[in-house]
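Structure record follows, encoded as structure tokens.
By convention here, the first residue in the shown sequence is residue 1.
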Amino acid sequence: MDTQMGETRDLILRDRRNLICFIISYVINNLVSGVLYDTYVNYLQEVSPSIATSFWSFYGYATFISALILILVPKAGYRKLLVFCSLSCTSALFSVIWFQSEVLYYVTTLLSLVGVQLHYIMLSPYVATYTEHLKEKSINWYTRAYYMGYIGYFVATYLGGAFVVKMFSLRLGVSYSAAQKLTEYVTELDAVSMDAYLKGNCDVLLAVGVISLLSILPVLFIQERKEDYRVVTENQAEKKPLRERVLEYKDVLLNRYALCYLAYWSIVSFAMGLFTSYYTVYLNRNLHIDKATSSLLVSISYIAIVLFMFFTPLAVRKMGQVGTICFSMLLSIPFMITIGLGDRFGAAMVPVVGTALFVRSGLANLSSPVDGALSMAIAPKELRPAFTSMVNFLSGFVSILSGMFTGQILFRTQAGYRYAYFIAAALYAVATAIIFLGLHKKYNRTHEEDV
């Protein structure tokens, strides 16, 4: 009895340690993501506009590739893939600085996004694996992982914008306030100032590349066993013919509940592609808010995400999983419209847009941990990586379409960055209706029901 209790205690401690190590690496990964979606995109706006305006297509390609790689979990485990994520981001950030070519920009953009996206989509099956034997409700660990990750976003976006302006001022030989003023109209900079601005961006990308490399350290402390990621042994798998196993997978992964979730997440992914990568581009180039202030507004919105996620377990207890998703998405729509109408507020534009961005980000991401938990509830344990891959295959495909739409149609004029918020708001409403009608009755479990 004592031996069994000791083994159980050791298992719980190992699971906790593995979760903590993952969260640390995830925070660093999100820090890199924050720079990619801010400094990196703004850098591409000058050196490769075609890639910048269709950035979400690369996100889609990266999601598609990441989903393929995630299928390798039953063979390779999580640890090796996490190491790949770190090396992928690091090599991409270093390469984009040192080698200047259009072809390389395509490669580095895709490689960096594969690294951050694989890390992100790995979160749900990883947390599900290591919370199975813990006493805490799984939703608490999902929430911790998500809000800690957004702290990384906050730090990267806030310091990234300020750091760019600082390095810009040093390279141009002007004061910080003067450099900050110049970034209000980046497209009107003269050749000398633009060169200094681009080099300031490169300074930030180099620093983050070094930080990305450090995310390997916590991964090395993960203690992984084959049974963590390989539920069915090879001998067990051979007991059933391949055709029979494929049919079983089809019945589970393509039932009406799974298809409903796939439809919901596909619409959300398309909508997200219209604006999430272009926050600072819209604030800086449409509303003419200087670079440091626009990055500050976006970084503050990440604080909102963290704060609102503290209420996720309470929301699930009161409204259930699906109810929380519907509540958060519907309430975020008016604030999206407010952001799109930002220049209508005159002198109050910055506080109004900043507040709307803050509340929208908080509300829209209140349900992020629930999204992960809900998808894992739909699929049985042995098929979680496969279902996660399926979700991200489809998400990647629609993200590619979203990027093509922005690059070839919506962002052909600067006004498209504004219309993106209105279109996304309508799509959020459609996605909310789909998940409510399809999943509310069966999957709207509360916290007490062991989400």
Side-chain angles (χ1 to χ4, degrees), residues 8-31 33 70 73 77-79 81-82 85 116 118-154 215 218-219 221-225 227-229 231 261 302 305-322 324-325 328 362 365-385 387-388 391-392 443 445-451:
T8 302
R9 190 185 310 112
D10 291 341
L11 179 62
I12 292 174
L13 290 175
R14 182 186 72 97
D15 288 348
R16 285 177 179 271
R17 181 169 55 251
N18 287 349
L19 286 164
I20 292 171
C21 288
F22 177 86
I23 289 174
I24 293 173
S25 68
Y26 185 67
V27 170
I28 299 175
N29 175 77
N30 275 25
L31 190 151
S33 300
L70 190 65
V73 166
Y78 293 104
R79 191 181 179 191
L81 299 187
L82 288 171
C85 292
V116 299
L118 177 59
H119 208 140
Y120 173 76
I121 69 174
M122 206 184 302
L123 186 152
S124 292
Y126 186 96
V127 173
T129 295
Y130 292 107
T131 55
E132 186 173 353
H133 302 295
L134 299 179
K135 295 180 180 180
E136 289 88 352
K137 302 297 184 181
S138 61
I139 192 64
N140 295 332
W141 280 103
Y142 282 105
T143 302
R144 290 185 189 114
Y146 275 98
Y147 75 65
M148 289 297 294
Y150 278 109
I151 290 176
Y153 271 127
F154 163 71
S215 65
V219 175
F221 287 96
I222 292 176
Q223 295 182 358
E224 192 174 62
R225 300 175 181 173
E227 56 265 30
D228 294 341
Y229 53 85
V231 178
Y261 184 87
Y302 293 141
I305 295 173
V306 174
L307 293 176
F308 276 66
M309 279 188 184
F310 282 119
F311 297 98
T312 299
L314 176 62
V316 173
R317 284 199 300 271
K318 298 297 183 181
M319 294 180 288
Q321 294 182 106
V322 179
T324 298
I325 293 173
S328 63
N365 289 278
L366 172 70
S367 60
S368 291
V370 187
D371 280 321
L374 178 60
S375 66
M376 293 299 95
I378 292 173
K381 178 179 178 181
E382 66 274 15
L383 296 182
R384 285 169 182 168
F387 185 63
T388 301
V391 169
N392 285 279
Y443 287 101
R445 290 179 292 175
T446 62
H447 186 84
E448 282 80 4
E449 295 171 310
D450 194 15
V451 176

Decide yes or no on side chain to side chain contact (heavy atoms under 4.5 Å, CB included) for Thr131 and Leu19, but give the supporting numbers first.
CA-CA 8 Å; Thr131 55; Leu19 286 164; 4.0 Å; yes
Run the numbers on Tyr130 and Arg14 for side chain to side chain contact (heavy atoms under 4.5 Å, CB included), then give the verdict.
CA-CA 9 Å; Tyr130 292 107; Arg14 182 186 72 97; 3.9 Å; yes
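Across Val322 and Leu374, no two heavy atoms sit closer than the pair CG2-CD2, 4.4 Å. The two atoms that bring Val27 and Gly149 nearest to each other are CG2-N, 4.1 Å, heavy atoms only. The two atoms that bring Tyr443 and Gln321 nearest to each other are O-NE2, 2.9 Å, heavy atoms only.
The distance from atom CG of Asn18 to atom OH of Tyr78, rounded to the nearest 0.5 Å, is 11.5 Å. Ile28 CD1 to Met148 CE: the interatomic distance, rounded to the nearest 0.5 Å, is 10.5 Å. Within the model, atoms CG of Leu81 and CG of Leu70 stand 7.0 Å from one another, a figure rounded to the nearest 0.5 Å. Atom OG1 of Thr324 is separated from atom NZ of Lys318 by 11.5 Å, given to the nearest 0.5 angstrom. Put simply, SG on Cys85 and CG on Leu118 are 3.5 Å apart, with the number rounded to the nearest 0.5 Å. Note: Asn29 CG to Ile24 CD1 = 13.5 Å, rounded to the nearest 0.5 Å.
Counting heavy atoms from C-beta outward, Ile121 and Tyr126 have side chains that stay 4.5 Å or more apart. Side-chain contact between Trp141 and Ile23 is present, with heavy atoms from C-beta onward closer than 4.5 Å.
In this structure a side-chain-to-backbone donor-acceptor pair under 3.5 Å is missing from Tyr26 to Cys21. Judged purely by atom type and a 3.5 angstrom limit, Ser25 has no side-chain atom pairing as donor or acceptor with the backbone of Ser215. Although no hydrogens or angles enter the test, the distance criterion places a donor-acceptor pair under 3.5 Å between the side chain of Glu224 and the main chain of Arg79. With Ser328 contributing its side chain and Leu366 its backbone, the two residues share no donor-acceptor pair below 3.5 Å.
Other residues, nucleotides and ligands contribute at most 12 non-hydrogen atoms within 6.0 Å of the CZ atom of Phe221.
For Phe22 and His119, the distance between ring centers is under 6.0 angstrom.
When only modelled atom types and interatomic distance are considered, Asn365 and Ser368 share a side-chain donor-acceptor pair under 3.5 Å.
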